[in-house]
Structure formats: C-alpha cells, structure tokens
Amino acid sequence: MATKYIFVTGGVASSLGKGIICASLGRLLISRGLRVTVQKLDPYINVDPGTMNPYEHGEVYVTDDGAETDLDLGHYERFLGIKTSQQNNVTTGRIYYDVIKKERQGVYLGKTVQVIPHITDEIKSHVLSLGSSENYDVVITEIGGTVGDIESLPYIEAMRQLRYDVGRKNTLSIHLTLVPYLAAAGELKTKPTQHSVKTLSESGLSPDILVCRSEYEIDSSIRRKIAQFCNVEIEDVIASLDAESIYEVPLLMLEEGLDKRVIEKLNLPAKNADLTKWKNFVDKIKYPSHVIEIALVGKYVEHHDAYKSIVEALIHGGTMNDTKVNISWVQSEDLTDENVDEMLGSVTGILVAPGFGDRGIDGKLAAVKYARENDIPFFGICLGMQCAVIEYARNCANMKNAHSTEFDETTEFPVIDYMPDQRDITDKGGTMRLGTYHCELIEDTNSMLAYGEKEIQERHRHRFEVNNELRDELIKNGLKIAGINPERDLVEIIEIKSHPWFVGVQFHPELKSTVGEPHPLFTAFVKASLKLQREKLSNESVAEQNQPV
Ligand code: GLN
C-alpha cells in the first residue's frame, strides 16, 4: 500500500492544540492496526529550538538521536508510543540552511535558487523521506503557525504540490479551526472558520476535514452551515470541545468519528479501534483514589510549558499508583534556607528541575537540603541532580563552597565540571551531550529497584558532569553512585543510602514516559511520596488520639 500523507493546518488563532489533535488522530489510527508517525514543520528561522529560551518556546524535547525539537514531539511520543527523530521536526531555518549549503557546494550550478521550487522541494523531501522509509502506512504532518501567516506560505504551497506528486487519493488535508462563542449574541460564530478556510483554499489546499475547537456543543445546524460554506460534507465537520485532560481527546475524536472519516477518505485497511487500555488510563486520571502534592522547584515555573514532559510524566507515574499528583510550583529564586520550611513543609515530594544558568541556584540548593534532612522523597533531574551533588559536597563531605564550574569557575571544589574533551567547544547550537546514552545500574539501589533491570538507555541534554576527580571523596562521605555510563565512566545517577528515596539523574527520564509505558522512576517517586503522605496522616491521627479529652 502506498504511504498516505495527512497535512494538518491551523486557522483563526494559535494555541488551538494542533499537536494534541495530530497525536490523538495518530493514536486512533495506531489502535486500528496502522503504522503511523507524526511530523512537525515549524516556520521559524532558528535551525532548531535548542537555543531558544523556555519563555519563548517552552520545553526543548530531545529525541533518541539527539535532535533538539519542538515540545509537540513529546505529545506524539507519549500518545503514539513511537520513537521520533530529527526527521520528525524540521524548521524553516533548517530548510534554508540545507538549501544554502547545497548552493555553496554547487548542487544547483547554473540555476537561480528560489523559494519555488528549491525551498518547496526541500520541504517536500523532508515529508516524503518519512514515507519512503516504508516504516509507515500514514505520515501525519503538522504545519506550525496559523494559516494566513506569511512564513507559513512555502509550507502550504509544498503541501499543495505534494497532493499532486503522490496522488490526491493518497493525501488528506485537515484544518483545525476555532468556533468562538459570542456572549453578547449568545451564539457560536462560524465566520472566522469560513475566512480561514477561504484563505487556505486560495492557496490551493482546501480542507477535506474540519476539526472545530469550541467551548460549547456545536449543534447540527451550525455543522450544516460550516459544511455548506466550507465545501465539506457535514460528517467532515468534527467538533473538538474543551476537555478536562488532553488524554481524553483521542476518545472524544473517536466519538466524533475523526478516524472513521480519515479511513474512509484514504481508503485505509483498518480494523476497529481498541481503546480499552487508553480508557482505563483516562479513568485513572479522572477518578484517582489518592491525591498527593509534589513541589516542582524551578526558575520557569510561571510558564508550565517549560516543564511539559515532567508534568506529563508525573501524571503517568500517578496513574500507576492510582494517585492524582498536584504540583506546587515553587519559584527557586524565592526559596531560601529561612523560608524553605514554610514553602515546602506541606508537600510529600520535591522535584528539582533541569535548567541552565545561575538564576535561582541557591533556592534549588535550599530545596535539596530540606528534602535530604527531612527524609522527603527527592527527585533531581539534570541540573537538579547537579544541585544535589553540590549540596552534598558542601554539607556532608566537607567541601566548603563546592560548586559547578557553570556558576563559579574558580571554586576550590568543582564537583560539577566540563569533562576534558568538552573544554574547547564554543558553539552553542547542538553541542551538548545530546540524545540516548547507555547506563548501567548498581545493585541494591532505589533506581535498580524501580527499573527492575540493569541496563537502561536514557536521553541527555547537558554540558556538565559530575567531576570524576572528586567522585571518590563524595562516595567516601556517603553519596551513592547508582548508575554509570560505562563507555566514558560518567556518573548518571546518584542516591543517598540513608534516605528513603533520594534520586538524582543526569539524564531526562521525563522524555521517555508514555501513556503505554509510564517511566519507572516517576512511578517510584510518586509511590515514595504517597508512602510519606500515609505516614504523615497516620502520625497525625495518633497525635489526635493522644490528645487529652
Ligand atoms: N546546565 C547544566 C548542564 O549544562 C544542566 C542542564 C540541564 O539541566 N538540562 O550540564
């Protein structure tokens, strides 16, 4: 069967959740036995989002092959249970970079290099390369931005051409739009959708299916109106109402028949969708038996998208414990040794987040110390783990003012440092330790207990490492090394033996947590946190019983 290509564009407004719709459609098609991948084309000039600040862009999602990508790829992996790669996220910057490189190499010798055909050809080649790998029956391509944006035009044009290159019957155009409710008029308005479809159609890419985001039920008269004005059948007007959890969206799309219409139109051989497991997962989110509160200590806490995968991994780990995890967002800059008890006293788990730069470092160190001294389950991720090592060195291993050379180049105890082979790197883009590396776990640790296996693979995004020259001193003073990268003898996981659950990881476990396979460390962290909550509650009730009447 020829690979089928689905293009998903967005109209009227940004932030309508195109990524979630693509991931949900992908999930439904996979549940029907098809092999599916999802790709995102981003119309900005950065070669990748790796150098963008999280306020601009949210989290940078890292793939197994070390690509720094858009956070929507995280949704694709979490929903579909697939692995994405560099090929699944392409930006305008990357397209131009490659075309200009080829121009310099003389690939187009004699020709004027132009947006059409050279840029559009390059865009098409990125879409087709996923299809031609023969690994997929369906490639879903999400076009970033909003229809009508100048920067989206080459992508829309490339998709228009592709429809003819691979045959119209092998392609489908889905447009995600907004149907707003005007309180003053007391009704849903279809005009923005009509205009958006008109703009898209003027570029020659008329939609086959419309997914309409709305806060309210879209009744049949409105569906009919949209169908009539936008050249689609009424069954092709799919309502996407606001959901409590993003994980409900595949179920809502199933009810609306999005997958059914896609299958009919593309003539795909598909069985009935089995979403029993998915439904169980959503039920666990909606009807948990327990609720816990975990503090997420970081410097971007006003912008939750900066920690997207961590938030989702906590949800996944929560469902494994039948528990809802409420996150208490703690700005590390506000945290001090003096107020830490007030700020973190009520939580039963502390997660210190990844990050770059020294803003808020002292607050992170205060959070680590508080968790260590009060036996509160602690999870340090990347910079969070590095902070745990710094705090341990200073307060338990007699290394006064120990630090990372990222923050203090002249520290007497550089417990976190560049490895010798990294010292000469000056470029910022794509030069970190990126992507999947192998880690060997040490017996008799909480990490080994959580994973239940000795050899693991985890994804990385950092420059600094635990300094091997000071490692023995830390171990001598009670720090436990729980995981090692044997190829380069790098510390991957640290623990504290005398603590109930204190785990710091140099890698990013959150990137590999999916609905189908919640990450074992997040599951274990939530479990430890739930245990502490139970202990606290039973101590409180004993204290109450002992009160004189
Ligand atoms: N800034 C640290 C480093 O580069 C940690 C990075 C991170 O938390 N992702 O090593």
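The residues of the chain are indexed from 1 along the displayed sequence. In each ligand, atom 1 is the first atom listed, and ligand 1 is the first ligand listed.
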Would you call K497 and D444 a salt bridge, using N to O less than 4.0 angstrom?
yes
When the side chains of residues 364-372 are checked against the rest of the protein, which donor-acceptor pairs come out under 3.5 Å, sequence neighbours left out?
| residue | atom | partner | partner atom | Å |
| --- | --- | --- | --- | --- |
| K364 | NZ | A353 | O | 3.1 |
| Y370 | OH | D341 | OD1 | 2.5 |
| R372 | NE | E391 | OE1 | 2.7 |
| R372 | NE | E391 | OE2 | 3.4 |
| R372 | NH2 | E391 | OE2 | 2.8 |

Consider only side-chain N and O atoms of S85 and T63, and report whether a donor and an acceptor are under 3.5 Å apart.
no
Which of D42, T9, I95 passes side-chain contact (heavy atoms from CB on, under 4.5 Å) with Y155? Answer is I95
Are more than 12 heavy atoms from other residues, nucleotides or ligands located less than 6.0 Å from atom CD of E517?
no
Does K102 come within less than 4.0 Å of E122, counting only side-chain N to carboxylate O?
yes
Does ligand 1 have any N/O atom under 3.5 Å from a protein N/O, and what are those pairs and their distances?
| residue | atom | partner | partner atom | Å |
| --- | --- | --- | --- | --- |
| ligand 1 | 1 (N) | G355 | O | 3.0 |
| ligand 1 | 1 (N) | E406 | OE1 | 2.7 |
| ligand 1 | 1 (N) | E406 | OE2 | 3.1 |
| ligand 1 | 4 (O) | R463 | N | 2.9 |
| ligand 1 | 8 (O) | G355 | N | 2.9 |
| ligand 1 | 8 (O) | G355 | O | 3.3 |
| ligand 1 | 8 (O) | L383 | N | 3.0 |
| ligand 1 | 9 (N) | R461 | O | 2.9 |
| ligand 1 | 9 (N) | H508 | NE2 | 3.3 |
| ligand 1 | 10 (O) | Q386 | NE2 | 3.1 |
| ligand 1 | 10 (O) | R463 | N | 3.1 |
| ligand 1 | 10 (O) | F464 | N | 2.8 |

